[in-house]
Each structure stands twice: as structure tokens, then as C-alpha cells.
2 protein chains.
Amino acid sequence: MTKPPLPTRLSGPAESPGFLLWKISNAWQRRLRVALQPYEITHSQFVLLATATWFGAEETLTQARLSQLSGIDPMTTSQVLRALEAAGLIERIDHPQDPRAKAITVTKAGRDLARKAVVAVEDADAAFFEPLASDTKRLVAMFQALVAGHEVDPK
Amino acid sequence: MTKPPLPTRLSGPAESPGFLLWKISNAWQRRLRVALQPYEITHSQFVLLATATWFGAEETLTQARLSQLSGIDPMTTSQVLRALEAAGLIERIDHPQDPRAKAITVTKAGRDLARKAVVAVEDADAAFFEPLASDTKRLVAMFQALVAGHEVDPK
DNA sequence: ACATTATAGTATGCGCGCTTATTATAAGCG
DNA sequence: CGCTTATAATAAGCGCGCATACTATAATGT
């Protein structure tokens, strides 16, 4: 009966879902960094580029709108979009209706790169979750429940 | 039959396990930041402090050892441990056997803080995964499978 | 003993995710 | 119309999670 050094309910970090989540997320980020390396973009850049490509066909996108669509905070969105602009993948022009805003459009180079990168990302994703095999569906359902449970109300 | 802007297999990001993992991990980080705010330490600082407290009772810890135990890379471990030292929570003395290494010990203040913070972290963790209720066990099992599948061999 | 290889720790630098604060302008309201 | 409130974008700054490269020393093999 030795006195434990910490009053934890767990016998170690390996059982903590949060600790595991953190480790897995880091591993996934590493995997994606490698997968996107040939395209010379980062994960966040990919997310915004893909989001802009996807939704840009339907509406005039502002940075604020892209921020909500992607889940990337407005500050990071601003910074990443400027990087994408510097790389010639998007354009940020003054919004015709609202001078505070920027209208974001994807260039041809951006669309082409998005089309290639999305395949690489989905392949990397599939490879990463492959150990779960068909249970991946269940994982996605759990993830969706968690996301729903932690929605950041935009109010 | 409109031509989709991207050749994705998914109808949107909401079904991608990787995208969901990323969002959830960010949400969890936010939650932990808030939970640890009263203690004025970050998540990484907590992980290293708790790890050092836990294992420091059994062995002489070096930064390299703490790095493997915590899963935090050596560079970040170095930086975070210096922050913990500056806060008076640990001490970094020259290792008695190996002059390259530092021997890490937790101060009384560090142990006291770890004891309190670990409760806050576990509460935050429980609250975060509460939407899954008893399915959390299953999630942990899946997480462990993923971790096992992406082990970074220390070879 | 010596040469090779491995290891402990750190400097530097990058991008993300965030907080706080600021500027400019839109939108709502009496 | 004028006032208040909300919103779009950004500056500055912090800590993490890396990658790369370096110094110093241990460990190993012959």
C-alpha cells in the first residue's frame, strides 16, 4: 500500500481519452504534413483552399464566412489566406458591397492544386484510420456526437 | 447533374474522420486551457509536471526520459521544462552521472499544484466526453488501437 | 587507446490556434 | 438623421509542435 504521487482516478495516462486524443491528433497532423509536403501547403491552408473551392461556386465568400465554414478562427483565417494569396492560389479583392470585407476567389492554380491535394488528404486519412477498419464509421458517429456537444454558438 | 468543384469521395468535411479529429482536438484544447487557467499552467506544462511527479518517485528523470514518457518531443520538452523551472515548480540540476543531462525534480510547490490540477483536468476530461456516456470506453479502445497503429518506434 | 556512433540538450525559425486590442464600416433604432 | 451596437479584418504577442542544425559527451567496437 504505497501512497500514490497523484490523486488520479486512472492508473496512467494511457486510459485518459483526452490524453489519447491529444496524441492521436498530433500523429495525424504529422501524417498530414507529410502527405501535403509535395504540394507545399499546410493542413490549414488546404482546409481553407478546399473550403473556398467548394463553396466559392455557390456564394461570394468573405474571410469571416470562410472562418465559420472551416472552423478556423478569424485571426488564423486572415493569416493563412494571405499565405494562400502570396502563393497565387487565391485572390483577396475588396468586397463590392462591403468595404470592410475581402471577397475571396480561388485562382485556376488554386483549383488545380485543391483537386490534387484533396486526393492526397483523403488517402492519408484512410491510411491513418485503417487500423479501425469498419469501426471507423462508429468513430465518425462518436466524433459527430462530440462536435455537436461542443458547438461554439456563434452568438 | 452539376459538376462538383472537387473530386472528393465525401459530401462534405463533416464525414471526414480526420477533419472531425482536428476540430475535436481543438475544442478539447480550448476546454483544457480554461480548466487550467486558475493554476496558470498550460496543458503541456501540466502533462510534464504530472509525468515528472508520477515517475519521479521511481527513477531519476532526465529530459529525454520525460520526453518519451509524455510523448512530447525533446525540443518542446526542453522549452516547457524551462518554463516550469521559472515558475518554481521543478528543478533542473546537472545529472550526477551524465554531464550532458539534466536531472529533473519536482518541487513541493510543483507537487501541490499537480495534485490540484490533475483533478481539474480529469473533471474537464469527463465533462468533455460526457456526450458519449458509456460509449467512452469504446472510444478509448479505438484510440488505443490508433495509437498502437501509429507508434513512433524509438529505434 | 582510439575512432566511430549514439545520445542529451539547446539555438533558431516556421505555422498554427488563440487572446486582446484597434480601426473602419455596416446595421439597427429612436 | 444621429446614436448605439455589431461586424470585418488586422496588429501584436504567446506557447506548442515541430524541423534543422549544432555542441558536448557517453557508449561501443576494435
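Heavy-atom basis, side chains included; hydrogens, waters and symmetry copies ignored. Order of the sequence lines sets the chain letters (A, B, ...), proteins ahead of strands, with each chain counted from 1.
Under the rule for a side chain to side chain contact (heavy atoms under 4.5 Å, CB included), B:A141 has no partner lying at least two apart in sequence or in another chain. Partners of B:R100 by side chain to side chain contact (heavy atoms under 4.5 Å, CB included), not counting sequence neighbours, listed by chain and number: B:D98. Scanning for side chain to side chain contact (heavy atoms under 4.5 Å, CB included) contacts around A:A64 gives A:T62, with sequence neighbours left out. For A:W28, the side-chain hydrogen bond (donor to acceptor under 3.5 Å, both in side chains) test picks out A:D125, with sequence neighbours left out.
Contacts of A:R82 with the nucleic acid, taken as non-hydrogen atoms under 4.0 Å apart, involve only primed sugar atoms and P, OP1 or OP2. As judged by a 4.0 angstrom heavy-atom cut-off over every strand, B:R92 is placed among residues touching the sugar-phosphate backbone only.
With a cut-off of 3.5 Å on both pairing distances, the Watson-Crick or G-U wobble partner of C:dG30 is D:dC1.
A straight line from CD1 of B:I41 to C1' of D:dC16 spans 15 Å, rounded to a whole angstrom. The NZ atom of B:K23 sits 14 Å away from the C1' atom of C:dG17 (whole-angstrom rounding). Taking atom CD on A:E40 and atom P on C:dG15, their separation rounds to 12 Å, with Å as the unit. Atoms CH2 (B:W28) and P (D:dC16) sit 13 Å apart, rounded to a whole Å.
At C:dC16, none of the side-chain N or O atoms of B:W22 fall inside 4.0 Å of OP1 or OP2 (strictly under the cut-off). In this model, the phosphate group of C:dT10 is approached by a side-chain N or O of B:S78 to a distance below 4.0 Å at OP1 or OP2. The phosphate of C:dG15 (OP1 or OP2) has no side-chain N or O of A:S44 nearer than 4.0 angstrom.
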Pairs of donor and acceptor atoms involving the side chains of residues 69-87 of chain A, under 3.5 Å and at least two apart or interchain, shall be tabulated with distances.
from  : atom 1 : to    : atom 2 : distance (Å)
A:S70 : OG     : A:L66 : O      : 2.7
A:S70 : OG     : A:S67 : O      : 3.4
A:S70 : OG     : A:I72 : N      : 3.1
A:D73 : OD1    : A:T76 : OG1    : 2.6
A:D73 : OD2    : A:M75 : N      : 3.2
A:D73 : OD2    : A:T76 : N      : 3.2
A:D73 : OD2    : A:T76 : OG1    : 3.4
A:T77 : OG1    : A:I72 : O      : 3.1
A:T77 : OG1    : A:D73 : O      : 2.9
A:S78 : OG     : A:R82 : NH2    : 2.9
A:R82 : NE     : A:S78 : O      : 3.2
A:E85 : OE1    : A:R92 : NH1    : 2.9

Only distances under 3.5 Å count here; give the side-chain donor-acceptor pairs of residues 38-49 of chain A to other protein atoms, sequence neighbours excluded, each with its distance to 0.1 Å.
from  : atom 1 : to    : atom 2 : distance (Å)
A:T42 : OG1    : A:Q45 : N      : 3.3
A:Q45 : OE1    : A:T42 : N      : 3.3

Using distance only, find each side-chain donor-acceptor pair of residues 128-139 of chain B under 3.5 Å and give its atom names and separation, not counting sequence neighbours.
from   : atom 1 : to     : atom 2 : distance (Å)
B:T136 : OG1    : B:F129 : O      : 3.4
B:T136 : OG1    : B:A133 : O      : 2.7

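Ion pair A:K116/A:D112 not flagged as a salt bridge, since none of the NZ, NE, NH1 or NH2 atoms sits closer than 4.0 Å to an Asp/Glu carboxylate oxygen.
Summary of the strand contacts: B:T42 and A:Q37 both lie near DNA chain D, and taking for each the nucleotide with the nearest heavy atom, the more 5' one is attributed to B:T42.
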Pairs under 3.5 angstrom, nitrogen or oxygen only, protein versus nucleotides 18-21 of chain C, please.
from   : atom 1 : to    : atom 2 : distance (Å)
C:dC18 : OP1    : B:R30 : NH1    : 2.4

Every protein N/O within reach of nucleotides 26-28 of chain C N/O, cut-off under 3.5 Å:
from   : atom 1 : to     : atom 2 : distance (Å)
C:dA26 : O4'    : A:R100 : NH2    : 3.4

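Rounding to the nearest 0.5 Å gives a distance of 6.5 Å between CD of A:E91 and OG1 of A:T107.
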